[in-house]
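Read the numbers this way: they start at 1 and go in the same order the structure lists the ligands and their atoms. Owing to the predicted nature of the structure, the values given are computational and were not obtained by experimental measurement.
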Amino acid sequence: MAESVEMLMQELDEVHDAFQQEIRGVKDLALLDDVRVKYLGRKGRVARYFSKMGQIEASQRPQFGNRLNELKQELTDAVASHQQSLHSNNNSGPRDFDLTLPGITPTLGFRNPLMIVMDEIKQIFANMGFTVETGPLVEDEYYNFEALNVPPDHPSKDLQDTFYLPNGLLLRTHTSPVQVRTMECQDLPIRIIAPGRCFRKDTPDATHSPEFHQVEGLVIGEGISLSHLKGTLVAFARKLFGRQTQVRFRPSFFPFTEPSAEMDIYFDERLGWLEILGSGMVDPNVLDGVGIDSEKYTGFAFGMGVERLAMLKYRIDDIRHFYDNDMRFLSQF
Ligand code: DAH
């Protein structure tokens, strides 16, 4: 049997009054939530009337529906404003907690050791007068390879080794492109480092990661020689690893430097000599390519892997620890 709308309307008024009565006495948030659920919950006193809509004669449905919606809104607003006033009272009124108990210290995060080492490297070079440059992570073949004198058939250009994007761009495989970008737009002399992320198609294991960090260095000027390169890099290694650190240079090859050398440091009896960076005198082809007169100016460059340095410095045995964000690891530095 259909209930009369008048009766239902009257019931809504009763619900309204009962709610007002009840909420007035509520002094804490938990009780407030109980009242909210009782009236506005899915099976609450208000919802019950929504399910009665179907029984109401069609012509009277809109009127009843409006009143019901109004009621729902009114109660919702009342709960919200009551909640507000409970919150602000709590801040000024008598406290129901013990002020003499020790506070709860929020857990702070930790700096990643990679960033600690990166900052240390930057600081060491800043003290030697280097400024910091950055470049895009998405490069083109010109900056990543060609301008650096890398021949077209070089293995590092292989699809197996470099992440190419569909539009022909690529993720830079080293920070060396920043050398070229800097020479293009800075006046001489140049003395910069370029820290940043690099990418290669490597399968992750204890010593490889497809994403890693390098710090590049570049010095160009008149009369820059191999002895400047050696002096700078030996000073750097001793600052980072300690004053007694033994250093040696081994001849090597990079397309963008001639001659090229790798620098090793003597670690300990177990590990012996370990390579920490590549370096060399900037190849005249590279200078000419950016319009720097290679008869007049010379320079040196270097590049190092930050993960490797951090692993050596802190004796970390797996490169993947750097990216896991495990607090048990991060809290140790
Ligand atoms: N770009 C080289 C690499 O990723 C590292 C490198 C070697 C950078 C020698 C240099 C350099 O600037 O002179 O393996």
### Task
Indicate the ring-plane relationship of Y314 and F333, choosing parallel, tilted or perpendicular according to the 30° and 60° boundaries.
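Rings of Y314 and F333: perpendicular, as their planes differ by over 60°.
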### Message
Once you measure the plane-to-plane angle for W273 and Y266, does it fall in the parallel (<30°), tilted (30-60°) or perpendicular (>60°) bin?
### Response
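Rings of W273 and Y266: perpendicular, over 60°.
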### Task
Compare G305, C198, G303 and give the one whose heavy atom is closest to atom 8 (C) of ligand 1.
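It is G303 that holds the nearest heavy atom.
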#### Entry: Nearest neighbour of atom 9 (C) of ligand 1 from the list S260, S252, G278, on a heavy-atom basis
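The option holding the nearest heavy atom is G278.
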Just jot down the ligand 1 atoms closer than 4.0 angstrom to any heavy atom of [X], in number order.
| X | value |
| --- | --- |
| Q179 | 12 (O) |
| G280 | 13 (O) |
| T257 | 13 (O) |
| Q214 | 3 (C), 4 (O) |

### Partners meeting salt bridge (charged side-chain N to carboxylate O under 4.0 Å, His left out) with R320 (sequence neighbours left out)
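R320: salt bridge (charged side-chain N to carboxylate O under 4.0 Å, His left out) contacts with D318.
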### Query
Taking the six-membered ring of F64, is NZ or CZ of K52 closer than 6.0 Å to its centre and within 45° of its axis?
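Here K52 fails the 6.0 Å and 45° test against F64.
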### Query
What protein heavy atom sits nearest atom 12 (O) of ligand 1, and how far off is it?
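Minimum-distance protein heavy atom for atom 12 (O) of ligand 1 reads E216 OE2, 2.6 Å.
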### Query
Among protein heavy atoms, which sits nearest to atom 13 (O) of ligand 1, and what does the distance come to when rounded to 0.1 Å?
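I find the closest protein heavy atom is A301 O, 3.2 Å.
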### Message
Is a donor from one side chain sitting under 3.5 angstrom from an acceptor on the other, for Q123 and N127?
### Response
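Short answer, yes.
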### Query
Can a salt bridge be assigned to the pair K38 and E22 using a cut-off of 4.0 Å between side-chain N and carboxylate O?
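E22 and K38: salt-bridged.
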#### Entry: Region of R200 engaging ligand 1 - heavy atom pairs below 4.0 Å
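R200 to ligand 1: side-chain contact only, backbone stays beyond 4.0 Å.
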#### Entry: Close N or O approach (F256, ligand 1; < 3.5 Å)
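Looking only at distances, the answer is no, because the N/O contact criterion of under 3.5 Å is not met.
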### Task
Ignoring angles and geometry beyond distance, decide whether S176 reaches within less than 3.5 Å of ligand 1 through its nitrogen or oxygen atoms.
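By distance alone, the answer is yes.
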### Task
Apply side-chain hydrogen bond (donor to acceptor under 3.5 Å, both in side chains) to E11 and Y49, showing your working.
CA-CA 9 Å; E11 281 181 40; Y49 290 94; 2.4 Å; yes
### M304 heavy atom under 4.0 Å from ligand 1
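No.
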### Task
Test T232 against F236 for side chain to side chain contact (heavy atoms under 4.5 Å, CB included), laying out the working first.
CA-CA 6 Å; T232 305; F236 161 72; 5.7 Å; no
